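What follows is a short report on a single structure.
In the text below, chain A, chain B and the rest are named by the order of the sequence lines, each starting its count at 1. Remember, it's a predicted structure, so these values are computed and weren't measured experimentally.
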Protein chains: 2
Amino acid sequence: MILEKKKVFLQFATKRGLRSTRQRDLILDVFLSSHEHLSVEELYLKVKASHPGVGQATVYRTLKLFVEAGLAREMTLSDGQTRYEHLLAGEHHDHLICTGCGTIVEFEDETIERVQDEIAVRHGYTISSHRLELYGLCPACKGHQR
Amino acid sequence: MILEKKKVFLQFATKRGLRSTRQRDLILDVFLSSHEHLSVEELYLKVKASHPGVGQATVYRTLKLFVEAGLAREMTLSDGQTRYEHLLAGEHHDHLICTGCGTIVEFEDETIERVQDEIAVRHGYTISSHRLELYGLCPACKGHQR
DNA sequence: TTTACTGTTGATAGTCATTTTCAAAGGATC
DNA sequence: GATCCTTTGAAAATGACTATCAACAGTAAA
Ligand SMILES: [Mn+2]
Ligand SMILES: [Mn+2]
Ligand SMILES: [Zn+2]
Ligand SMILES: [Zn+2]
């Protein structure tokens, strides 16, 4: 899985004529070793922990490359920070997000996907992507509240 | 329709002990006279066109009041600007957005809403809100492209 | 009305995430 | 190794939004 994504990036880098650098290899390793939905700042801190010299701008730049390479997706929740998650081109899922603790559950639902297409067709649109986020309290947070 | 929303704001203002000001009346008029999904900047420009003295900060502040009053909804697309649209408390709709020209179609679908609830229940979550955006090309833009 | 109180406004400074700039560093090819 | 040109990191710049604060303006009592 991780190796597959490394290969995807390598192929992308080759096709684009990108040079191989320590920084990009490192950032890719850190990114692939985490399965959360990390903000740039969070990723930068993880990177800096082992390699203090790496600059924040490089992390910003490199994450954008991962998206272009087709191994990551950029997502914006309502906290004003851009987050990145693993996602190979062609894969897809939506999010169920706890407003209490931030826990994210990923899901896919073919009924919803199908109805979305029907709606688009009805209006003459051709859908290229979509975004569905459900916000609410997770079981744990529901307990705390009362 | 417009009168109803003005009344909603008036009641909110009364309940909250807000003073009646020229600026808020004006911004409310401009907001209600447009049925688009306007950014704060766009609204500010419309306001400034007839009343150049009004400050940007006042527009920001007033739009937040409209949301609190229950007659507007704040929305964030991917362009990094907050937009506001008409929405009375209790109403709801989702968006179909053209990536070519920005045209927005509003829709509601009870099947999707129902399945969303099922998904939430399955994971033990209690949903408080959601956000669904479909991105693609509208009929007009599909024509242009080819 | 005036007065006195206090909410509101607009200009400006501040914040925060992200982007740009640019000189120095470092891959790649010969 | 020499050359070329991409990449990097620090710092400045940007852009949306928020906080600050003195001047202003509703409001309600006098
Ligand atoms: Mn995810
Ligand atoms: Mn809408
Ligand atoms: Zn939770
Ligand atoms: Zn279009």
Side-chain angles (χ1 to χ4, degrees), chain A residues 9-31 37-69 72-85 102, chain B residues 9-31 37-69 72-84:
Chain A
F9 186 67
L10 191 60
Q11 290 182 327
F12 168 80
T14 302
K15 194 194 304 174
R16 278 268 295 257
L18 298 181
R19 291 184 182 167
S20 156
T21 71
R22 306 159 189 289
Q23 288 89 336
R24 291 208 270 239
D25 286 350
L26 171 64
I27 294 167
L28 182 55
D29 280 341
V30 173
F31 178 64
H37 299 78
L38 294 179
S39 69
V40 183
E41 180 68 15
E42 285 165 349
L43 235 142
Y44 168 59
L45 291 178
K46 287 200 177 211
V47 167
K48 218 171 64 166
S50 62
H51 294 72
V54 177
Q56 211 178 14
T58 302
V59 177
Y60 272 97
R61 288 186 282 237
T62 305
L63 286 170
K64 283 186 182 292
L65 287 179
F66 294 170
V67 173
E68 287 186 69
R73 170 166 67 168
E74 195 178 297
M75 57 187 288
T76 315
L77 270 29
S78 38
D79 67 346
Q81 290 199 195
T82 303
R83 293 175 178 277
Y84 290 85
E85 66 172 330
Chain B
F9 187 67
L10 191 60
Q11 290 181 328
F12 168 80
T14 302
K15 194 194 304 174
R16 280 267 296 256
L18 299 181
R19 290 182 183 168
S20 156
T21 70
R22 306 159 188 289
Q23 288 88 337
R24 291 208 272 240
D25 287 350
L26 171 64
I27 294 168
L28 183 55
D29 279 342
V30 173
F31 177 65
H37 299 77
L38 294 179
S39 69
V40 183
E41 181 68 16
E42 287 166 348
L43 235 141
Y44 169 59
L45 291 178
K46 286 200 178 212
V47 167
K48 218 171 65 165
S50 62
H51 294 72
V54 176
Q56 210 178 15
T58 302
V59 177
Y60 272 99
R61 286 188 284 239
T62 305
L63 285 171
K64 282 185 182 292
L65 287 179
F66 293 169
V67 172
E68 286 186 70
R73 171 165 68 167
E74 194 178 295
M75 59 187 286
T76 315
L77 269 28
S78 39
D79 66 348
Q81 290 199 197
T82 302
R83 293 175 177 277
Y84 290 86

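Look at CD on A/E41: it is 12 Å from P on C/dC16, rounded to the nearest Å. Rounded to an integer number of Å, the gap from CD1 of A/I27 to C1' of D/dT8 is 10 Å. Computed from coordinates, the A/D79 CG to D/dT18 C1' distance equals 17 Å when rounded to whole Å. Atom OH of A/Y44 and atom C1' of D/dA10 are 10 Å apart (whole Å). In this structure, the CD atom of B/Q81 is 19 Å from the P atom of C/dA17, given to the nearest Å.
Rounding to the nearest 0.5 angstrom, the gap separating the CG atom in B/L43 from the NZ atom in B/K46 is 7.5 Å. Note that CG of B/L45 and OG of B/S39 are 8.0 Å apart. Values are rounded to the nearest 0.5 Å. The distance from atom CE of A/M75 to atom NE2 of A/H37, rounded to the nearest 0.5 Å, is 5.0 Å. Atom CG of A/L38 is separated from atom OG1 of A/T82 by 13.0 Å, given to the nearest 0.5 angstrom.
Within residues 50-65 of chain A, the residues approaching DNA chain C are A/A57, A/Y60, A/R61, A/K64, by heavy-atom distance under 4.0 Å. At a non-hydrogen distance threshold of 4.0 Å, A/L18, A/R19, A/T21, A/Q23, A/R24 from residues 16-26 of chain A come into contact with DNA chain D.
Considering only residues two or more places apart in sequence or on other chains, A/R16 meets the side-chain contact (heavy atoms from CB on, under 4.5 Å) condition with A/F12, A/L18, A/L65, A/E68. Residues passing the side-chain contact (heavy atoms from CB on, under 4.5 Å) test with B/T76: none are found, sequence neighbours excluded. For B/Y60, the side-chain contact (heavy atoms from CB on, under 4.5 Å) partners are B/V40, B/Q56, not counting sequence neighbours.
Using a 30° and 60° split on the angle between ring planes, A/F31 and A/F66 fall in the tilted class, from 30° to 60°.
With a 4.5 Å cut-off on side-chain heavy atoms, A/E42 and A/R83 count as touching. Counting only heavy atoms from C-beta outward, the side chains of B/L63 and B/V59 approach each other to under 4.5 Å. Using a 4.5 Å heavy-atom threshold, the side chains of A/L26 and A/V30 count as touching.
In this structure, the helix from C/dT1-D/dA30 to C/dC30-D/dG1 shows an angle of 20° between the axis at its start and the axis at its end, each fitted on 5 base pairs and rounded to 10°.
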